Amino acid sequence: ENIIWPATNSIKLIGIDESTTVIDGGQNASVIRFEDNENFVIDTTTIIQYFTITNGYAQGDWPAYYGGGIYCGTNASPKLSNVSIINNHAYWSGGGIYCESSDPVFVNLNISNNTTSTNMPSGSGGGAVIRNSNAVFRNCLFNDNLAGSAGGIQCDSNTNPIISGCAITNNTGGGIQVQGYNFTMLNSYVTDNIGTGIFLIGNDGEGLIINCVIARNSGAGVLSGNQTHIINSTITENIGIDFYDEWMDMYQYEGGVVNAYGFVNVINSIIWNNFPHEIANQDFSQGLLNVSHSLIKGGLEEGAGEINWLDGNINLNPMFINPSDNNLHISDYSPCIGAGIDSIEINGVTFYASTIDIEGTSRPQPENSAIDIGAYESSRDIPLDLPYQISEYATAGSILGGISLLNENSLYAVSSNDKVYRLDSNLNYYYYLDVDGGIKSASSITPDHTIYIASTDQNLYSFNSSGVTNPSWPRALGSEA
């Protein structure tokens, strides 16, 4: 079924349940179209609720090729709640939703597995396209959508969307792309997208990102070309690659937060374990990148380009509870506890921390204490002392051969650069052992710190506790002692 909505306001289309009440577009056209109407307004008293909208295919001439699931044309601003918009396709843009010159409200939507044509110049917005519109998304899921660009959401042309409590995950073509104008994202997750997490283009708008987790995207976490303010957010494990731009004759940076052309402020935020840079200001950028009261792995030295390093920044392990299981809450030992700031003035503008965290927990905890750094607020006012010391030692190669702990004061690590490192209990460096071939393993370490190493050059090496080769060594493997 393909529905052309009548030019009548306050109609309510209410189903029984998303799982049982389905409108199937039969791949003929958009499933539901609110056509352009310059002379009549449909507002949020028009309601669609408790439906699944699926199998739409927006095709044909303009504008029929926009909005595979829902098309909201000029002056069409309905409210959709508890609706699944899944498995729809648009020949051009807006696989799930397309909004043009309208202000709809979307609450509790599942926008998944929608696509656009990836070979079209404007094949963008696999989940949704918001154009000349002030759309609101609350508690919506954008998952596994696909487009040539902006697999999750595309916002452009005098658009001022508000995205709150949403998850933009596993989309191909990137998470969100905003071309100019304003953008607000609150208490949301942008994770595991193929492409940049949030890409803000053009210097005409202002982006506000508060209490958000931006993680594990295959590109920059946030790439900004306008005024962008990142407050109390956690940006981690975004992996991109610097590349050479022949047209601009320079390298383009990627990583956690990258300022391309704009003015970016990072406040009360964690930027940790991103690649190849934690934070970067492009060499060609005419703007500023300010960092205040934030935890940045590697500190200022890890940053690329010119960065304005303000007060309150730290370079310590944030002590996430279980990052390998995507649990980015901070532990009771985290240095982020109480390290944030309630408000700060930068370049004549005062920025305020949110009064809640990403999960709705009041900030600060407890009352009258200092707020925490990052998207999650701890229940503590100060961190607990660690019951143990965490230390790091970086070998020249990867630790492929494993480690051996002889006693509480001696650790041996076999590295891929064909060396064996001896470290003490605080990972302070003693020495490294080198052999002619590649190291297969640390064969044995005796109680008196004699170490035997089997090498790919078919020899067995022996070193004493000072790292000096023992007499009559090395010996060919298989030879008699």
Side-chain angles (χ1 to χ4, degrees), residues 1-7 11 13-37 42 46-74 76 78 80-100 102 104 106 108-131 133 135 137 140-154 168-174 193-194:
E1 186 173 4
N2 308 100
I3 299 172
I4 305 297
W5 202 272
I11 294 175
L13 181 63
I14 299 177
I16 298 173
D17 182 82
E18 293 173 63
S19 63
T20 58
T21 314
V22 178
I23 306 175
D24 190 322
Q27 297 189 14
N28 295 315
S30 303
V31 180
I32 299 177
R33 292 188 69 87
F34 294 84
E35 298 290 5
D36 299 339
N37 195 323
I42 290 177
T46 296
I47 294 173
I48 301 175
Q49 193 172 35
Y50 303 124
F51 277 92
T52 289
I53 295 171
T54 188
N55 210 20
Y57 183 7
Q59 55 188 312
D61 298 329
W62 177 91
Y65 50 53
Y66 291 144
I70 295 280
Y71 176 86
C72 294
T74 302
L80 276 69
S81 64
N82 299 98
V83 173
S84 291
I85 301 174
I86 59 175
N87 296 319
N88 300 284
H89 180 77
Y91 175 74
W92 201 263
S93 293
I97 299 170
Y98 186 96
C99 300
E100 173 74 49
S102 58
F106 303 110
N108 297 330
L109 301 193
N110 174 12
I111 305 165
S112 299
N113 298 104
N114 302 287
T115 62
T116 68
S117 298
T118 57
N119 61 339
M120 300 303 295
S122 298
S124 61
V129 168
I130 311 301
R131 184 163 291 158
S133 300
F137 292 92
C140 294
L141 171 66
F142 291 81
N143 181 64
D144 205 20
N145 301 289
L146 179 147
S149 64
I153 309 172
Q154 169 78 27
I168 296 91
T169 65
N170 298 299
N171 300 287
T172 299
N193 298 288
I194 299 175

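These numbers were taken from a predicted model, which means no experiment stands behind them.
Nearest heavy atom pair, residue G26 against residue D24, reads N-OD1, 2.8 Å. Here the closest heavy-atom approach between residue G67 and residue A90 is recorded as N-CB, 4.0 Å. Residues T116 and S124 share a closest heavy-atom pair of CG2-O, 3.5 Å. In this structure, Q59 and Q27 approach most closely via the heavy-atom pair NE2-O, 3.3 Å. The two atoms that bring A147 and G123 nearest to each other are CB-O, 3.7 Å, heavy atoms only. Here the shortest heavy-atom pairing between P104 and C99 reads CG-SG, 3.5 Å.
Rounding to the nearest 0.5 Å gives a distance of 9.0 Å between CG of N145 and OG1 of T172. One distance of note links CD1 of I53 with CG of N87; it measures 13.0 Å at 0.5 Å rounding. Atom CZ of F106 sits about 9.0 Å away from atom CD1 of I48, to the nearest 0.5 Å. Rounding to the nearest 0.5 Å gives a distance of 7.5 Å between CG of L109 and CZ of F142. With rounding to the nearest 0.5 angstrom, the CD1 atom of I85 is 12.5 Å from the CZ atom of F51. Separation of atoms CG (N55) and CD (E1) is listed at 13.0 Å; rounding is to 0.5 Å.
Side-chain contact between I168 and I153 is present, with at least one heavy-atom pair separated by less than 4.5 Å. In this structure, V31 and N88 have side chains that are in contact, with non-hydrogen atoms separated by less than 4.5 Å. Residues S117 and W92 fail the side-chain proximity criterion, which asks for heavy atoms closer than 4.5 Å. At least one side-chain heavy atom of V22 sits under 4.5 Å from a side-chain heavy atom of T54. In this structure, I32 and I23 have side chains that are in contact, with non-hydrogen atoms separated by less than 4.5 Å. Contact annotation: the side chain of I42 approaches that of F34 to within less than 4.5 Å [non-hydrogen atoms, C-beta and beyond].
Between the side chain of S149 and the backbone N or O of G173 there is no donor-acceptor pair closer than 3.5 Å. Looking only at distances, no side-chain donor or acceptor of S93 sits under 3.5 Å from a matching main-chain atom of G125. At least one donor-acceptor pair closer than 3.5 Å links the side chain of T21 to the backbone N or O of I16. Q49 places no side-chain N or O within 3.5 Å of a backbone atom of N82 that could act as its donor or acceptor partner. A donor-acceptor pair is defined here as one N or O able to donate and one able to accept, closer than 3.5 Å; no such pair exists between the side chain of N113 and the backbone of I86. Judged by distance alone, with hydrogens and angles left aside, the side-chain atoms of S112 form no donor-acceptor pair with the main-chain N or O of N110 at under 3.5 Å.
Using cut-offs of 30° and 60° for the angle between ring planes, the Y91 and Y65 rings count as tilted.
N171 pairs with exactly one of N193, D144, N143 by the side-chain hydrogen bond (donor to acceptor under 3.5 Å, both in side chains) rule, that one being N193.
Every salt bridge (charged side-chain N to carboxylate O under 4.0 Å, His left out) that E35 has, sequence neighbours left out, goes to R33.
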Q: Quick one: do Y57 and N2 satisfy side chain to side chain donor-acceptor pair (under 3.5 Å)? Show the steps, please.
A: CA-CA 10 Å; Y57 183 7; N2 308 100; over 6 Å; no
Q: Determine, step by step, whether S84 and E18 satisfy the side chain to side chain donor-acceptor pair (under 3.5 Å) criterion, reporting the C-alpha distance in whole Å, the side-chain angles of both residues, the deciding distance to 0.1 Å, and the verdict.
A: CA-CA 7 Å; S84 291; E18 293 173 63; 2.5 Å; yes
Q: Please assess L146 against N114 for the test side-chain contact (heavy atoms from CB on, under 4.5 Å), listing each intermediate value before the final yes or no.
A: CA-CA 6 Å; L146 179 147; N114 302 287; over 6 Å; no
